[in-house]
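Chain identifiers are assigned alphabetically (A, B, ...) following the order of the sequence lines, protein sequences preceding nucleic acid strands; residue numbering begins at 1 within each chain. What you see is a predicted model, and the numbers here were worked out from it, not measured in a lab.
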Number of protein chains: 2
Amino acid sequence: MSPKTRPSDPITVIVVEDDVLFRDSIRELIDDSPAIRCGATFESCEDALVALQDELAPDVILLDVDLPGMSGIEGISHFRRVSPASRIIILTVFDDDDKIFNAVCQGASGYLQKSASAENVGACILDVVAGGAAMSPHIAAKVLSMFAQYSEPKKEYGLTIREKEILHHLVGGVSKKHIAETLFISQHTVETHLKNIYAKLQVHSQIDVVAKALREHLI
Amino acid sequence: MSPKTRPSDPITVIVVEDDVLFRDSIRELIDDSPAIRCGATFESCEDALVALQDELAPDVILLDVDLPGMSGIEGISHFRRVSPASRIIILTVFDDDDKIFNAVCQGASGYLQKSASAENVGACILDVVAGGAAMSPHIAAKVLSMFAQYSEPKKEYGLTIREKEILHHLVGGVSKKHIAETLFISQHTVETHLKNIYAKLQVHSQIDVVAKALREHLI
DNA sequence: AATACCATACCGCGATCCCGGTATTTGCAT
DNA sequence: ATGCAAATACCGGGATCGCGGTATGGTATT
């Protein structure tokens, strides 16, 4: 999330694409836009990664998915490491849901179909540089559903305040004895609370409690 | 993710919106589309929730954010409980990032600005019923960045295959003894592996291991 | 006033875990 | 082939946990 601050500077883009024809055509297409400049093109992730190590980071990396050697999807994490400020747009021939989904999970900011028009390409790049993300409703839904699933099921087990407190310490890796000391109560009391927690969460060990708490985000 | 299977049926929509004028105008707008029917309108989440309890679930719920009583954002989780099959679209006046971000995290499938054109409204509803999600690049980026952050930092601690296997069972709540039985090795061996895991992860108990594994997604 | 629930405290036994060792076999790589 | 890392195995003592109890004072609700 670092939107371009000086829009007067041309946006620099690099292209990683093994097909020569397409690589050249997209370069032209980019250079036609006044605000965008194509810095360099590469035919593999490996080449691009080497070049990026001692050059200035481009604003945007256009990255093909199907590449010889390291795939575009794999490449994403590497690019993000060597050039964290660069935003990544995936180039695909088909609207391959799973690949694109993986890509955005890896940190891509958007994707473009290779059939995209010049305006689309430009708009997508600008969106992304402005701090946005470009993706189809279908991909968006996939991402959201995982998100919702992750943040939603905060089931309630009827834990009392004290029990939640104990649970919290427990998840933090504190032993019963130490919890007792911290809360100024007897260790027996901690055990009683713990027993009640076990019953409510239907588990039978600290491990299970911690696992369940973390998995269901009761922390 | 349950796309409408019989597109010949009209899509039923309900509207929850306190402003009478806007409520009526959006109802008209919806009923103008042949494929979409406005089932009912409500002026608060509370009213709508009561009505939904003994009525058929609508395909889509159009939900205003600013409502008297329960806000639209709060309402999302309730609607999802009483009518899990319904998809939720948020109505907003402004492009309020934080609210919309919260909304999608709660399980909304998209949002519409109140200034949206008739085509936009229709397209958004159709997108969402088709199993997609509708949101602006800016919101999409916010969601993605959280996602990337969540799936990225899979640190490596140099665990061996066997150690990862042990760790996996441990996180599943299996006791050392049982792990030994499952893997056809002695319990002593499990303990040795465990000691090595402790050293590598720099922890000192099963609890810590499980907590660390779940938190850093080493599972 | 009665009831219910919570937080607190205590006991003891058997199971499990933590950690300090040592040691052999296996497999991969130089 | 030689060496190193991983996987395997074993021991024992002290700490911790799991669970079966019982019990009492406080607070909130009815």
Side-chain angles (χ1 to χ4, degrees), chain A residues 46 69-70 74 154-219, chain B residues 46 69-70 78 154-219:
Chain A
E46 289 83 351
M70 188 190 299
E74 294 172 71
K154 27 184 168 177
K155 294 173 195 165
E156 199 49 68
Y157 293 93
L159 295 182
T160 67
I161 301 106
R162 199 56 158 177
E163 283 162 358
K164 282 179 186 166
E165 201 174 358
I166 306 265
L167 177 58
H168 194 264
H169 284 103
L170 212 57
V171 173
V174 190
S175 73
K176 288 199 293 188
K177 181 191 273 185
H178 205 268
I179 292 175
E181 287 166 7
T182 309
L183 300 183
F184 301 106
I185 58 180
S186 132
Q187 185 169 338
H188 304 295
T189 307
V190 177
E191 276 158 17
T192 306
H193 286 312
L194 215 34
K195 278 189 280 190
N196 295 331
I197 295 174
Y198 289 173
K200 288 178 182 175
L201 299 202
Q202 302 196 77
V203 295
H204 309 279
S205 73
Q206 287 191 7
I207 313 273
D208 289 331
V209 166
V210 172
K212 190 154 192 165
L214 283 174
R215 266 198 264 267
E216 306 191 3
H217 313 102
L218 313 169
I219 35 169
Chain B
E46 288 84 349
M70 187 189 301
H78 296 90
K154 28 185 166 177
K155 293 174 196 165
E156 200 48 70
Y157 292 94
L159 295 183
T160 69
I161 302 106
R162 200 54 159 178
E163 284 162 359
K164 282 178 187 167
E165 201 174 356
I166 306 264
L167 178 57
H168 194 264
H169 284 103
L170 211 59
V171 172
V174 189
S175 75
K176 286 200 292 189
K177 181 191 274 187
H178 205 269
I179 292 176
E181 288 166 6
T182 309
L183 300 182
F184 301 106
I185 57 179
S186 134
Q187 185 169 340
H188 303 296
T189 307
V190 177
E191 274 159 17
T192 306
H193 286 311
L194 215 35
K195 276 188 282 190
N196 295 332
I197 295 175
Y198 288 175
K200 288 179 182 175
L201 297 202
Q202 303 196 75
V203 296
H204 307 91
S205 73
Q206 287 192 8
I207 313 275
D208 289 330
V209 167
V210 172
K212 191 153 190 165
L214 284 174
R215 266 197 264 267
E216 305 191 4
H217 314 101
L218 312 170
I219 36 169

Among residues 170-182 of chain A, which residues get a heavy atom nearer than 4.0 Å to DNA chain C? none
With the threshold set at under 4.0 Å for non-hydrogen atoms, list the residues of residues 191-205 of chain A touching DNA chain C in residue-number order. A/T192, A/H193
Show me the donor-acceptor pairs within less than 3.5 Å that the side chains of residues 159-172 of chain A make with the rest of the protein, sequence neighbours left out.
{"unit_1": "A/T160", "atom_1": "OG1", "unit_2": "A/E163", "atom_2": "N", "d": "3.2"}
{"unit_1": "A/T160", "atom_1": "OG1", "unit_2": "A/E163", "atom_2": "OE1", "d": "3.4"}
{"unit_1": "A/R162", "atom_1": "NH1", "unit_2": "A/E165", "atom_2": "OE1", "d": "3.0"}
{"unit_1": "A/E163", "atom_1": "OE1", "unit_2": "A/T160", "atom_2": "N", "d": "2.9"}
{"unit_1": "A/E163", "atom_1": "OE1", "unit_2": "A/K200", "atom_2": "NZ", "d": "2.7"}
{"unit_1": "A/E163", "atom_1": "OE2", "unit_2": "A/K200", "atom_2": "NZ", "d": "3.4"}
{"unit_1": "A/H169", "atom_1": "ND1", "unit_2": "A/E165", "atom_2": "O", "d": "3.1"}

Show me the side-chain donor-acceptor pairs of residues 187-196 of chain A shorter than 3.5 Å, one per line, residues at least two apart or across chains.
{"unit_1": "A/E191", "atom_1": "OE2", "unit_2": "A/K176", "atom_2": "NZ", "d": "3.4"}
{"unit_1": "A/T192", "atom_1": "OG1", "unit_2": "A/H188", "atom_2": "O", "d": "3.1"}
{"unit_1": "A/N196", "atom_1": "ND2", "unit_2": "A/T192", "atom_2": "O", "d": "3.3"}

Looking for any heavy atom pair under 4.0 Å, which part of the strands does A/S186 touch: base, sugar-phosphate only, or nothing? sugar-phosphate
Within the 4.0 Å heavy-atom criterion, would you say A/T189 contacts the bases, only the backbone, or no part of the nucleic acid? base
Pairing residues for A/S205 by the side-chain hydrogen bond (donor to acceptor under 3.5 Å, both in side chains) criterion, not counting sequence neighbours: A/D208
Just jot down the side chain to side chain contact (heavy atoms under 4.5 Å, CB included) partners of B/H78, sequence neighbours excluded, or say none. B/L49, B/M70, B/R81
In short, the helix from C/dA1-D/dT30 to C/dT30-D/dA1 is bent end to end, axes from five pairs each side, to 10°, by 60°
Where the side chain of B/K212 meets the backbone of B/L201, is there a donor-acceptor pair that is under 3.5 Å apart? yes
Check every nucleotide of DNA chain D for an atom under 4.0 Å from a heavy-atom of chain B, then give the first and the last such nucleotide from 5' to 3'. D/dA6 to D/dC11
Could you list all the salt bridge (charged side-chain N to carboxylate O under 4.0 Å, His left out) pairs where at least one residue sits in residues 178-190 of chain A, not counting sequence neighbours? none
The first and last nucleotides of DNA chain C lying within contact of chain A, meaning any atom under 4.0 Å from one of its heavy atoms, run from C/dC6 to C/dC11
